[in-house]
Protein chains: 2
Amino acid sequence: MATYELEHPAIEDITLTDVLFALSDPARLEIVREVADGPLDMAACGATNPDLPKSTKSHLMKVLREAGIVRNVPNGRGRLVSLRKDELDARFPGLLDSVLGA
Amino acid sequence: MATYELEHPAIEDITLTDVLFALSDPARLEIVREVADGPLDMAACGATNPDLPKSTKSHLMKVLREAGIVRNVPNGRGRLVSLRKDELDARFPGLLDSVLGA
DNA sequence: TCGACTGTTCAAGTATTATCGAACCATGGC
DNA sequence: GCCATGGTTCGATAATACTTGAACAGTCGA
């Protein structure tokens, strides 16, 4: 299942409210913080919630991905998660930095 | 009913996720934009939705107020709504500007 | 090729939010 | 004092969102 590409919205289709909503959940925000320093194996994300069911984590990732915040590409038998920082900065200047800096 | 003060959270009790959630709704975000230029009579807010039921508008305001985004004080027979800009800027530097600038 | 590992999707249940009418209340103007 | 104005609260219903188990699929290593 880690073989195919998942859908990612184009930058111009990303909406501010969707981004804000995705970031408004503590668990999702935590994942974003973890990924902010560089790409991470999806399995390595959410280390703070080690007992989080995988279906739940998959859903959290889906919300972040569909909001345009995160990129999620196949990587071996797993997936690699990265922040779409440059694109987000271009679309919503300063937003990500202010959220992550808080 | 416009006589008593409503509850407003202290700055230090304002959480980032609550703020982001409050701003993640288009109708609420619109109200914030309207108020960004200065205090406004509550009746004047949401001019874009003129047929919005007052109970609905009151609820939207409540979410914004409880998130710490807006101040809502009695004013004659109505209420005056204003942005808690300075406080928000102090607590989450750059956040408001990036959201409003988007 | 056969497991073990990593994730996705589906479905069902739960929980949170949104919406809006109705009842109610202060204030201001007459 | 009375009424119209502006807004809150409550209660019910509808709509979203969250959570999780189960079933399934691609990949890697032995």
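Computed from a predicted model, the values in this text were never measured in an experiment. In what follows, every chain begins at residue 1, and chains take the letters A, B, ... in the order their sequences are listed.
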Task: Rounded distance [0.5 Å steps], CD1 in B:I14 versus CD1 in B:I69 - done: 8.0 Å
Task: Rounded interatomic separation in angstrom, taking CZ from B:F21 and P from C:dA15 - done: 17 Å
Task: Distance, rounded to the nearest Å, where B:K62 contributes NZ and C:dT19 contributes P - done: 15 Å
- [ ] Can you figure out which of C:dT9, C:dG21, D:dT20 approaches the side chain of A:L6 most closely?
- [x] C:dT9
Open item on the list: Once you apply a heavy-atom cut-off of 4.0 Å, does A:R28 come out as touching a base, just sugar-phosphate, or nothing?
Closed with: sugar-phosphate
Task: Spacing between A:M61 atom CE and C:dG7 atom P, to the nearest angstrom - done: 8 Å
Open item on the list: Output the rounded distance in Å from CD (A:E5) to P (D:dG26).
Closed with: 15 Å
TODO: Could you please name the option among C:dT19, D:dG7, D:dC18 that lies closest to any side-chain atom of B:M42?
DONE: D:dG7
Task: Nucleotide C:dC25, atom P - distance to NZ of B:K54 in whole Å - done: 14 Å
- [ ] May I ask you to evaluate whether B:Y4 reaches the phosphate of D:dT9, defined as a side-chain N or O under 4.0 Å from OP1 or OP2?
- [x] yes
- [ ] Kindly point out which of D:dC18, D:dT9, C:dA18 is positioned nearest to the side chain of A:V63?
- [x] D:dC18
- [ ] Could you tell me whether the phosphate oxygens of C:dC20, OP1 or OP2, come under 4.0 Å of any side-chain nitrogen or oxygen in B:T56?
- [x] yes
Task: Nearest-angstrom distance from the residue atom CG of A:L80 to P of C:dT6 - done: 15 Å
Task: Neighbour count >12 (heavy atoms, 6.0 Å) for atom NZ, A:K62 - done: no
Open item on the list: By nearest atom, which of the nucleotides C:dA18, D:dG7, C:dG29 is closest to the B:R77 side chain?
Closed with: C:dG29
Open item on the list: From CD of A:E66 over to P of C:dT9, roughly how many Å is that when rounded to an integer?
Closed with: 9 Å
TODO: Ignoring hydrogens and angles, answer whether the base of D:dG7 and the side-chain atoms of B:S58 contain a donor-acceptor pair closer than 3.5 Å.
DONE: no
Task: Electrostatic pair A:K85-A:D97, nearest N-O below 4.0 angstrom - done: yes
Open item on the list: Atom CD of residue position A:E12 - does it have more than 12 heavy atoms of other residues, nucleotides or ligands inside 6.0 Å?
Closed with: yes
TODO: Measure the spacing between CG of A:L6 and CD of A:E66 and express it to the nearest 0.5 Å.
DONE: 9.5 Å
Open item on the list: Can you see if the side chain of A:R79 gets near the phosphate of D:dT27 - specifically, an N or O under 4.0 Å from OP1 or OP2?
Closed with: no
Task: Of the listed nucleotides D:dC18, D:dG6, D:dG21, the one nearest the side chain of B:A43 - done: D:dG6
- [ ] Could you check how far CG of A:D25 sits from P of C:dT17, rounded to whole Å?
- [x] 11 Å
